[in-house]
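Reading through the structure tokens given below for one structure.
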Amino acid sequence: MAAARRPLVARTRILIPTLVVLIVLVVLLGVFTRVYTDLLFFRSVGFGKVFNTVLSTRILLFVIFGALMAVAVGANLLLAYRLRPSVRPLSLEQQNLERYRAAIEPYAVLILFGVSILFGIVAGVSASGRWRTWLLWRNGESFGQRDAQFHRDISYYAFTYPFQRFLLGFLLTIVVLSLLVTLVTHYLFGGIRLQTQGERVVPAAKAHISVLLGLLALLKAWAYYLDRFGLVFSSRGAVHGASYTDTHAVLPAKLILLFISLLCAVLFIYNIFQRGWTLPLLSAGILVLSALVVGGIYPAIVQQFQVRPNEASREAPYIARNIAATRAAYGIDQIRPQPYDASTTPDTTKLGADSATLSNARLLDPNVLSATYDQLQQIRGYYGFPASLDIDRYTIAGSDGREGTQDYVASVRELDQGGLAPQQRNWINLHLTYTHGKGFVAAPANTVDSSGRPVFTEQNLPPTGPLNVRESRVYFGEMSPDYSIVGTRQAEIDGPGDAAGSQATTSYDGSGGVSIGSTFRRALFALRFQEKNILLSSDITDSSRILYLRNPRDRVSKVAPWLTLDGDPYPAVIDGRVTWILDGYTTTDGYPYAQRRTLDSVTADAVTTRVANRANQAANEVNYIRNSVKVTVDAYNGTVTLYAWDEADPVLKTWMKAFPGSVKPKKDIPASLLSHLRYPEDLFKVQRDLLASYHVTDPREFYSQEDFWAVSPAPDDQNQTQPPFYVYSQLVGQSQPTFNLTSPLLARASSKLAAYMAVSSDPGSYGEFQVLQLPKGVTINGPVQVQNLIESNAKISQELNLLRGQGSRTIQGNLLTLPVAGGLLYVEPYYVQARENAVYPTLQRVAAVYGENIGFAPTLGEALSQVFGTAPDSTPGGGTGGTGGTGPESPQPGGGTNDPQIRQAIADADRAFTAGQDALRKDPPDFTAYGNAQKDLADALDRLGRLTAAPPPPSPPASPEPPPSPPPAAAPDAAPAAPPTTVAPAGAPGG
């Protein structure tokens, strides 16, 4: 039996080490694959130094702190073993332990190294994750400002203090773990005898334990020292920052506890020379009692009996500190609300001055019209548009040479592999054939045709339009697949060909991605993506490249991991190329006295919670934020470029010092890019949330919270906040329209409007805020009340019931708030969509509200006529024409402008547009003439569409196009909807 058992034991002894070695090799191979392919990615985008810095820092931290932990634990383990008593009493306890000692001692060296290395690896891995803390500490730049309590530069709290807390926590962990292994070892080898008569702890073990307890007390003293500076982040008082109780009770208590801890450390060391454990127990008791009484009870008494009865006066100086710090930390210290004597009765004499705002009122909601863009501009089933489109502005010259600027609803026609039929979804199609999207699509935000559809300026395949897109292929986008391999023997599908029904193909010739020609690299990427075909496919050649990390946000997060990115990248045409633009934030939670905010909760709104391509922020607490970096990602090559935007930001300076050369200076931003930069939404949301309270700068008024504001709930989802809106409008006191990000604010715990907030994105006035503070004695309805007014109006309700009948539903668009005519005008588009057959929304009505005056009509001009007291000549209910723009559009290339009928249609549209603008410029504006001009404009656009429209190329059988939209439900007798407009005429609104 014993002989039979020996081969089994021998095989087990061989098998177990072999399995361990194999597991280690598999883990190392996985780590190597990930690290090496990441290195290839960083090199492909020119950020190899970032990769090297992060990797070397992580390795350095792993080695330093891992070795420190391993040496400390190993040394204490070895010391405890060496200090074991040579003679142990013959007690039952020691006899029981003898069996364990006999089993352990032959492997003592192996156990010593194994335990030390295990603790060292765990500690090293944990420490390597703190590479950001290390780099900030090593490269910290001065803020040039000092805190109000300790008068230290703010850089100490932002960069040095976090590292000190990390180091303290690490050292405490080392001492505690060392104490634990020491106690276990001393007990196992007889240095500690819990159940044996006589001396319980031998002198050598006592000395060892006392030294460790003394070190623990010293570290506790350092903790109390650091706790003093941590009071600037306290949340005990009315606001964040050291409060009255913190400065008058907690601060001196921390100092007392510091000295008590030092005394305890001395007593622990002195105990080495004393018999028994009286001194250590006494010192520990004193420390615990002091922490309870001095650190807990005394501050509570001060808070209860000194502060609470007089909190407004006691806390006033500390609230003032918080107000000043918060306004500086969030970049709102220069914003001052200005009185706006808003009225609920419009002053029609001021309407002429507001014509730019009225003519540019946005009718196209980018969060509603994705399906409309899909239906009219998808072209092929394997293309698509994201659920949320984007808003940007363009300056386009018209046929008469005049340039006009306005906002456009723009998007990229991206690859949507979900549109492929099941039989098409094989590895070659998904990763070698269908590799990219194509084209840029844009429509004026204030214009629709008579059927309520966008009038596309940039459109179709091949792409046509005045934006002159020279490279229309989109290999890097929000909808791009995980990876594609390009430059293979397989032709890449490139949309419809020139001939009817033909299919264009292409082969990628850009510099994006990583070369995958060698067998070694193919094997690594096969491991990374868990796909054997990457290694086995004969279609991959020596010149093939693999594109991965293709979402612009993911791409930037990889190369600049120190940035917090805005949740909404947006595309723009820059110098003929489709370019993604992103906003990068530098943040910290180490700004003393500043109020903290959690990014995910502050930036969430009714759009981010329901739109898939709007990324939510992480649940990071911050109390300082700057839009310090503007980032671009080329949609064809994937090139990532970082530009410094707020060059005075000390956090940005610190990161630029840590990663030299990774961020270009602000002066390198080309003018063509500068004209498309927007004020970022997430930063604006954070600032409006803070301004709702921190527009109040008097500490006593702040404490009362009487004049606090709140962000309005969304009219269609009152559980979520209303998002801000980009609008091209003319702010109060300005003579020209600008591209602004805007939001109304309510009086807290009320639906009454309290303020209107806007910030400019124009290069000449970028970042300039205008906060209009409404008079307290006037009740102006907020967005939710306005929505209720519209829906509860008897006439409108009857009309809405008709629109919502016969299998259709209405969709409310963005409810815009616009300062007009000495008050505030609300404009809301209403779209109609059939509930079945996958049809798309079309604009059918526009609501306008000013005070208690409500307009609801097919066009904005007619709705404004109802609001401001004039009636259009024609009866409401006709086609849905749009508003005029601020300048003319140029004709699309290939529009057939030599045809006299087309030229006449263009001239008619130009004449109608000019007539509409002239009507708005009158004092007061002539809305009757304006409404008639819009009807003429819509007729001209429809006529032009019929003259120039060509049938779209047929889709492949595997991905059929959705059926066309039926006529609006409210007008069953109307003619069928016209085909999509394919040419934007000269003089059409929206140029």
Side-chain angles (χ1 to χ4, degrees), residues 362-365 368-378 389 409 441-457 459-460 799 802-811 813 829-835 837-846 856-863 874-885 905 908-909 912-913 931-952 961-985 988-990:
R362 196 171 87 195
L363 299 179
L364 301 184
D365 187 341
V368 171
L369 293 178
S370 176
T372 304
Y373 273 52
D374 266 339
Q375 179 71 16
L376 301 179
Q377 284 295 313
Q378 183 183 30
L389 309 178
V409 176
V441 178
N446 66 346
T447 307
V448 293
D449 64 17
S450 61
S451 296
R453 300 172 303 185
V455 179
F456 294 104
T457 300
Q459 60 182 327
N460 292 350
E799 197 164 349
L802 291 173
L803 292 172
R804 291 165 179 167
Q806 300 184 9
S808 297
R809 66 187 182 104
T810 60
I811 303 172
Y830 272 76
Y831 305 90
V832 174
Q833 180 179 13
R835 298 180 186 274
N837 299 326
V839 295
Y840 55 92
T842 58
L843 180 67
Q844 296 302 317
R845 294 293 183 272
V846 181
F856 192 76
T859 68
L860 177 60
E862 292 172 296
S874 58
T875 303
T880 309
T883 70
D908 292 344
F913 167 75
N932 291 334
Q934 296 312 293
K935 284 182 168 52
D936 294 340
L937 177 60
D939 290 341
L941 289 175
D942 281 350
R943 185 155 32 98
L944 189 63
R946 288 192 295 272
L947 289 169
T948 60
E961 296 297 318
S965 174
D973 297 329
T981 303
T982 57
V983 175

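Just the heavy atoms: all of them, side chains too, but no hydrogens, waters or symmetry mates, feed the values below.
- The closest donor-acceptor contact from the side chain of Q844 to the backbone of P858 lies at 3.5 Å or more, if one exists at all.
- Side chain of D374 to main chain of Q378: no donor-acceptor pair is present (N/O by atom type, distance under 3.5 Å, no hydrogens or angles).
- Y830 pairs by the side-chain hydrogen bond (donor to acceptor under 3.5 Å, both in side chains) definition with Q787, E791, not counting sequence neighbours.
- Side chain of T372 to main chain of P841: a donor-acceptor pair is present (N/O by atom type, distance under 3.5 Å, no hydrogens or angles).
- Taking A863 as the reference, A848, A857 meet the side-chain contact (heavy atoms from CB on, under 4.5 Å) condition, with sequence neighbours excluded.
- Heavy-atom minimum distance, S808 versus V832: CB-CG1, 4.0 Å.
- Listed by chain and number, the residues in a side-chain hydrogen bond (donor to acceptor under 3.5 Å, both in side chains) with S370 amount to none (sequence neighbours excluded).
- Y831 is linked by a ring pair (Phe, Tyr, Trp, His ring centres under 6.0 Å) to nothing, counting only residues two or more places apart in sequence or in another chain.
- Across P444 and V455, no two heavy atoms sit closer than the pair CD-O, 2.9 Å.
- Here the straight-line distance linking atom OG1 of T842 with atom CD of Q833 works out to 9.0 Å at 0.5 Å rounding.
- Distance CZ/F456 to CD/Q377: 5.0 Å, rounded to 0.5 Å.
- Rounding to the nearest 0.5 Å gives a distance of 9.0 Å between CG of L389 and CG of D365.
- Atom-to-atom distance recorded for L803:CG and I811:CD1 is 12.0 Å, nearest 0.5 angstrom.
- We find the OG1-CG distance between T859 and L363 to be 9.5 Å, quoted to the nearest 0.5 Å.
- Annotation for Y373 and A442: closest pair OH-C, 4.4 Å, computed over non-hydrogen atoms.
- A445 and V409 make their closest contact through CB-CG2, 4.1 Å (heavy atoms, listed as atom of the first residue, atom of the second, distance).
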